[in-house]
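Each ligand, and each atom within it, is numbered from 1 in the order the structure gives.
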Amino acid sequence: MKCTRCRERAEINLRSHHAAFCKPCFILYFQRQIERTIAKEKMFTPGERILVAVSGGKDSLALWDVLIAQGYHTEGLYLDLGIGTYSSQSREKVERFAQSRTVPLRIVPLADQAVTVPTAAQFTRRVPCAACGTMKRHFFDQAALDGGFDVLATGHNLDDEAARLLGNVLHWQTEYLAREKPVLTPTHAKFVRKVRPLYRMSELETAVYAFFRGIDYIIEECPNSVGATQLFYKEILNQLEAKMPGTKLTFVQEFVRSVQPTFAAPDGSPPRECEVCGMPAFASVCSFCRLLHEVERKKLSALSTQQSVLPPEAEN
Ligand code: SF4
């Protein structure tokens, strides 16, 4: 098999694009695809400051690598979620990546912010991913605002987008479908634009790019992802893709191009400001502060139950 571009020996065959590439041509192809997506969707311009949310996985590090290579002003943001060795190892990968490219990195350890994902899940009886989502949204928005960034970029790839779209279509979650687009414009002065430059690049393409570029990323998935519905949707989509290459791309691309614009913008007034933290909120207190309050309340009640069952001598 020969490289579609230079006719040298190809190392990767992309059935969905009817193309094959050698290593240098694939790197070029990947970077150009992202550059085109950024320009076509008007994600950001070279003068803007971009905060890249990095998890230590292949997608976010590959995205950061491309943006650095293209000369954008970027800074990484890593949230240490406090999920045991998964968090410590992924943090190490991110730190090493930033050092190797001498790019700035912000680290927010959730343990210093009063609550980690495991404690939130333990004390609120929410599934860890629900608590994690609330915390990520809050700290991403807060960091983007504090640092005066123009844009927040995340590494969601085509497989993530296709799985999310499938889930929302299967349950006709029209409110979510209305917001499912690669660029989210801010609805409040304290929010920044949120963009997903990898939304047309498959998980396979991103993994190959990371490998060809020698990016050292965490291979293990977060332990809380085991059994996630999202992974089941991904499996189904992979089966469809194997039979009909290009299905995922058509599914997502056509939704974004022709279906998503037919959804009305979500109803309701723009967010106000949370009475506790001052960040935008759709109620008097934002969902993050409510979560924090619930954790504190349950912690205190667990402590007082413990104390009331201690024998008198143990209390001294
Ligand atoms: Fe957070 Fe769940 Fe993702 Fe783990 S799998 S990082 S808990 S959202």
With distance as the sole criterion, is a donor-acceptor pair present between the side chains of Tyr176 and His171 under 3.5 Å?
-> no
With rounding to the nearest 0.5 Å, note down the distance linking CZ in Arg164 to CD in Glu161.
-> 5.0 Å
Heavy-atom distance to atom 8 (S) of ligand 1: which of Cys132, Pro128, Ser87 wins?
-> Cys132
Taking the side chain from Thr134 and the backbone from Ala130, do they hold a donor-acceptor pair closer than 3.5 Å?
-> yes
Does the side chain of Glu205 pick up a donor-acceptor pair with the side chain of Tyr29 at under 3.5 Å?
-> yes
Contact check, Lys136 vs ligand 1, heavy-atom distance below 4.0 Å | yes
Which residue supplies the protein heavy atom nearest to atom 7 (S) of ligand 1, what is that atom called, and how far is it?
-> Asn224 ND2, 3.5 Å
Check the side chains of Gln89 and Thr85 for a donor-acceptor pair under 3.5 angstrom, ignoring hydrogens and angles.
-> no
May I ask you to check if any N/O/S atom from Cys222 comes under 2.8 Å of atom 4 (Fe) of ligand 1?
-> yes
Protein contact of atom 2 (Fe) of ligand 1 - nearest heavy atom, named by residue and atom, plus distance | Cys129 SG, 2.3 Å
Atoms of ligand 1 close to Leu81 [distance to a heavy atom under 4.0 angstrom, numbered from 1] = 6 (S)
